[in-house]
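What follows is a short report on a single structure.
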Amino acid sequence: MVRLGPKAPQHRKGTFTDVPQGLLEEISHLEQILTVPASKLQEITKHFITELDKGLSKKGGNIPMIPGWVLDFPTGSETGDYLAIDLGGTNLRVVLVKLLGNSKFDTTQSKYALPKHMRTATADELWGFIAECLQKFVHEFFPEGVSAPLPLGFTFSYPASQDNITQGILQRWTKGFDIDGVEGKDVVPMLQTAIEKLNVPVKVVALINDTTGTLVASMYADVETKMGLIFGTGVNGAYYDTCGDIPKLEGRLCDDVSNDTPMAINCEYGSFDNEHLVLPRTKYDLQIDAESPRPGQQSFEKMISGYYLGEVLRLILLELADEKKLIFAGQDLKKMHEPFVMDTSFPAKIEEDPFENLSDVQDLFDEKLGIQTTVPERKVIRRLAELIGERSSRLSVCGIAAICQKRGYKTAHCAADGSVYQKYPGFKERAAQGLRDIFGWADNEEDPIVIVPAEDGSGVGAAVIAALTEKRLDQGKSVGVKI
Ligand SMILES: Nc1ncnc2c1ncn2[C@@H]1O[C@H](COP(=O)(O)OP(=O)(O)O)[C@@H](O)[C@H]1O
Ligand SMILES: O=P(O)(O)OC[C@H]1O[C@@H](O)[C@H](O)[C@@H](O)[C@@H]1O
């Protein structure tokens, strides 16, 4: 049988014969609560579809389903020079995009790690940090200065409501952010003020979510693109609906917009199942939620995204060591008690260890946590990382399947970005298997719906959306609700 598309990763060949019975029993319990069978994926997807519809209704629901005011498909012939910034959960990027037309583009970019304290800094510190990064970038790449302010596409990777493309009212912080004075406010004037304070010749012309940018950038380069996806610090999906299928926009659209006018939707589906009806949450997920700055929010994201995967592993290991005294006897666990001390590269590196004695895992725990591990303990650590990684990959595709079934896509290129998609070992193969388990495709055929690497959504996507917006404004067309 020839199976096309990625295959599930090879499990370790080693055995668990040297693992003590008590620990074996714990592992089999954890395998039970962390494994998501095909039937469960199908049940979750079914509920996901009703939640997507609810988000577009007048009444609303758990999933925000934010109209992104991108009312045209990219043609691939957009041209011009645009600046873009991308405020993600881990990094700030500044990108200069030259749209060359013919689906081609050239980018120049700089990446600035968000200072660790930024999640709980003041609003002025946040906007000031971004304006300074912009100032450095413009000084470096435009040393002679500019004749007119550079148009900027501002990619803001948080749920922001928009009545038009140059507005973004932050609904709530996610990914552990908790900065006062921003929620409920329009972030565009805040950034523009900070830019003007430093006399940086830049004007914000569009506010974009990174996932909408991913959708548009990928469609600019590949017309088969049906959705943009982020599996990074956070998780999200974006796709094009049509204005006539968005009940909550009824009576709010301008005359130049008809029922079949496309509308990019920033789903913000990290909040899926905040009512806890279908997701198989464990006590570790409940603890992460309770201890987060926004308990009760982003239930789906907290089970699967980059910001949290290492934390799930840490909580389980801590329970096995501290409470059950089954591992790390006599070790100093002080470091391991630090919340979020394990970022997602931790389980990723554990799953990547190619050695049967897991010597890379030994080094990781020794260097990062000061913990000496035995071979049986490392085998348990490895199995836990596999369970957490596989659960994330499989749950992650429920949003993809729900959008495809809602829109009736029989085939699709689903453009994905983010470090978990790009770097987490086995994510791609496990995600592809999850889609097969949901759709039950025949074994001897190519997968009709595939996850493909996205184009640079927060850079090129922001530039293409800025170009589409400028074109609409030049034609006197609307880019927001009826005033
Ligand atoms: N090797 C890795 N494998 C999987 N995830 C990783 C790896 N290294 C870092 N990460 C996670 O990826 C997330 C950063 O995602 P990325 O998409 O690069 O940034 P952003 O979310 O700011 O756009 C962080 O949560 C980090 O824990
Ligand atoms: O690119 P990042 O930082 O991983 O963000 C992914 C998603 O993270 C979610 O928490 C945000 O609400 C979304 O707006 C965002 O798209």
Side-chain angles (χ1 to χ4, degrees), residues 63-66 68 85-93 95 109 111-114 116 118-119 154-162 168 170-177 183 187 207-215 227-238 264-272 274 292-294 297-314 340-353 360 364 385 388-389 392-393 396 399 416-428 430 453-454 456-459 461-462:
I63 304 180
M65 302 295 277
I66 301 171
I85 55 169
D86 169 19
L87 175 61
T90 302
N91 312 295
L92 172 77
R93 279 186 325 133
V95 194
Q109 60 178 328
K111 184 157 119 172
Y112 308 87
L114 290 180
K116 270 256 184 289
M118 194 53 82
R119 280 183 153 79
F154 174 22
T155 301
F156 183 62
S157 305
Y158 303 87
S161 305
Q162 297 184 275
L170 177 64
Q171 291 183 357
R172 68 191 69 79
W173 284 117
T174 63
K175 296 171 284 197
F177 273 64
E183 285 172 318
V187 297
L207 181 98
I208 295 117
N209 181 270
D210 61 337
T211 322
T212 310
T214 299
L215 165 69
M227 68 186 78
L229 302 159
I230 301 280
F231 303 111
T233 307
V235 73
N236 196 9
I265 298 288
N266 164 27
C267 298
E268 288 294 343
Y269 62 39
S271 62
F272 168 61
N274 280 345
S292 73
R294 300 282 183 283
Q297 295 178 8
Q298 300 299 95
S299 301
F300 186 47
E301 180 169 82
K302 286 172 179 170
M303 291 180 78
I304 64 175
S305 80
Y307 187 60
Y308 302 99
L309 292 186
E311 184 65 0
V312 178
L313 177 64
R314 183 184 76 87
F340 292 91
V341 68
M342 290 184 182
D343 78 12
T344 305
S345 60
F346 233 88
K349 285 180 186 135
I350 292 165
E351 286 218 61
E352 273 159 355
D353 189 338
D360 289 354
L364 182 68
I388 293 164
S392 165
S393 314
S396 291
D417 203 351
S419 284
V420 172
Y421 170 75
Q422 290 162 349
K423 293 193 260 180
Y424 198 93
F427 183 92
K428 296 182 178 69
R430 290 163 168 168
D456 171 12
S458 21

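Read the numbers this way: they start at 1 and go in the same order the structure lists the ligands and their atoms. Counting begins at 1 with the first residue of the sequence.
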- Quick one: are Val420 and Ser305 in side-chain contact, heavy atoms under 4.5 Å? no
- What residue and heavy atom of the protein are closest to atom 11 (C) of ligand 2, and at what distance? Ser157 O, 3.3 Å
- Has Pro159 got any heavy atom lying under 4.0 angstrom from an atom of ligand 2? yes
- Item | Ile230 N/O to ligand 2 N/O under 3.5 Å | no
- Message: Which residue and atom name correspond to the protein heavy atom nearest atom 11 (C) of ligand 1, and how close is it?
- Response: Thr344 CB, 3.8 Å
- Message: Give me the residue, atom name and distance of the protein heavy atom closest to atom 9 (C) of ligand 1.
- Response: Lys423 NZ, 4.2 Å
- Using a strict cut-off of 4.0 Å, indicate which atoms of ligand 1 neighbour a heavy atom of Tyr424. 3 (N), 4 (C)
- Item | Location of contacts on Asp210 toward ligand 2, heavy atoms closer than 4.0 Å | side chain
- Would you say Leu114 and Asn91 make side-chain contact, with heavy atoms under 4.5 Å? no
- Give the C-alpha distance, both sets of side-chain angles, the deciding distance and a yes or no for ring-ring contact (aromatic ring centres under 6.0 Å, His included) between Tyr307 and Phe340. CA-CA 8 Å; Tyr307 187 60; Phe340 292 91; 4.7 Å; yes
- Note on the structure: If we number the atoms of ligand 1 from 1 as shown, the ones under 4.0 Å from a heavy atom of Tyr307 are 25 (O)
- Item | Minimum-distance protein heavy atom relative to atom 20 (P) of ligand 1 | Thr233 OG1, 3.5 Å
- Near Ala348, which atoms of ligand 1 are under 4.0 Å from a heavy atom of that residue? 1 (N), 2 (C), 3 (N)
- To the nearest 0.1 Å, how far is atom 17 (O) of ligand 1 from its closest protein heavy atom, and which atom is that? Ser419 N, 3.1 Å
- Task: Of the side chain and backbone of Val235, name the one, both, or neither that has a heavy atom under 4.0 Å from an atom of ligand 2.
- Result: backbone
- Task: Could you tell me whether the side chain of Asn236 reaches within less than 4.5 Å of the side chain of Cys267, counting heavy atoms only?
- Result: yes
- Query: Which atoms of ligand 1 have any heavy atom of Gly418 under 4.0 Å away?
  - Reply: 17 (O)
- Checking heavy-atom distances from atom 14 (O) of ligand 2 to each of Glu268, Glu301, Gln297, the winner is Glu268
- Message: Give me the residue, atom name and distance of the protein heavy atom closest to atom 2 (P) of ligand 2.
- Response: Lys175 NZ, 3.5 Å
